[in-house]
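First the structure, in the form of structure tokens, and then the observations on it.
Order of appearance sets the numbers: ligands from 1, and atoms from 1 within every ligand. Along the sequence shown, the residues carry numbers beginning at 1. Please read these numbers as outputs of a predicted model, since none were measured by experiment.
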Amino acid sequence: MSTMKAAVLHAPHELSVEEVDVPSIADAGDVLLKVEKTAICGTDLHPYEGRIEIEGGVTLGHEFLGTVVEAGSAVGQVEAGDRAVASCVVNCGHCWTCRRGDPGRCVGSRIFGLGIALGDLAGGQAEYVVVPNADLTLRKLPDDIRSSDEDLLFAGDIMTTGYEAVRRAMQPGDTVAVVGAGPVGLCAAMSAIALGATRTIVLDKVPARLKEAERLGAIPVNADETDPADAVLELTEWRGANVVIDAVGHESALTSACGLLAAGGTLSIPGVYLEEQLTLPFGDLWLKGIKVVTGVANIVSYMDEVIELTEAGKLNPATIISHRMGLSEAAEAYRMFEAHEATKIVLDPRI
Ligand SMILES: [Zn+2]
Ligand SMILES: [Zn+2]
């Protein structure tokens, strides 16, 4: 059996690039993909920092694209030689929630590279990866690809997570406020602009991130310098934002997000919350008639739209990439990412 390079996590902060066996497809719905680009995501820090328990030797990575090497006999949407991007979440496609168009709630959901608790799938920070249920998990990239690989790479995770957070909540002409200008927040801001928001306001405390938001066409608000609620009210004739996106996933961000909402508005939460209870200004939310939409993103439901909009030049998530490195430098890349020395790192498995 031949071997390949893979970024393997053995224990919190113990990551090394090593030679492991090239995986092989086990199920008729599987595809073996040769990885060409893979990114490090904030979620990868959960196993890296020990918040998700890993059991000796997990290949990390759930943002990747590449070329199909081999497709199982039941795969109909891609064949060997096709280029494709993977959803970070693998859904079953036929359970009750999947049938109702809500695959984020699929009880059979698995995520690449997060260990046994999340489905025991080897990740894509490797030269090869097996993609289960490939007809649903993969999207074939157009042959005459107009956008860059680096833009399309994010259709399987952060771009589509940010997009859905806006898409499920926004009407054309709405004002959208995004709390948090990390990768998902910037993708949400990009989506709001592409989908026709009147104003897209981005709140953060890090000047470099706010500058990036401004470059995308959003109105930056530095929460260290201005009261975010006052800033949003002033920009909206004292109404507030119709849609507020909490792209942080921390109680303080949620509290801040609640204060920005217009009456009848929607609070959309792509940020991840694992707390059992949180304190919310519930009387205010009730009086304003606020809708709250939340939960794991429906990646496979929105990937096609995101790819189309990316191909049309309306979404350019590659602009948030700060570093490009070889997979062989993965240990250093994780150190930099954890230390906030990099906003988004793309790894090339061929280097
Ligand atoms: Zn991710
Ligand atoms: Zn399902």
- Is it true that Phe64 and Phe112 have ring centroids separated by less than 6.0 Å? yes

- For His323 and Glu341, test the side chains for any donor-to-acceptor distance below 3.5 angstrom and give the result as yes or no. no

- Task: Could you tell me whether Glu237 atom CD has more than 12 heavy atoms of other residues or ligands within 6.0 Å of it?
- Result: no

- Query: Can an N, O or S atom be found in Asp157 less than 2.8 Å away from the Zn ion (ligand 1)?
  - Reply: yes

- Note on the structure: With a cut-off of 2.8 Å, strictly less than, protein N/O/S atoms near the Zn ion (ligand 2) add up to 4

- Item | Lys288 atom NZ, neighbour heavy-atom count above 12 within 6.0 Å | yes

- Message: Under 3.5 Å, is there a donor on one side chain and an acceptor on the other for Glu53 and His46?
- Response: no

- In sequence, state the C-alpha distance, the side-chain angles, and the governing distance for Glu332 and Arg335, and then conclude on salt bridge (charged side-chain N to carboxylate O under 4.0 Å, His left out). CA-CA 5 Å; Glu332 170 64 3; Arg335 187 203 63 73; 3.0 Å; yes

- Message: If only side-chain N and O atoms count, and only distance matters, is there a donor-acceptor pair under 3.5 Å linking Asp102 with Asn298?
- Response: yes

- Query: Is any N, O or S atom of His62 under 2.8 Å away from the Zn ion (ligand 1)?
  - Reply: yes

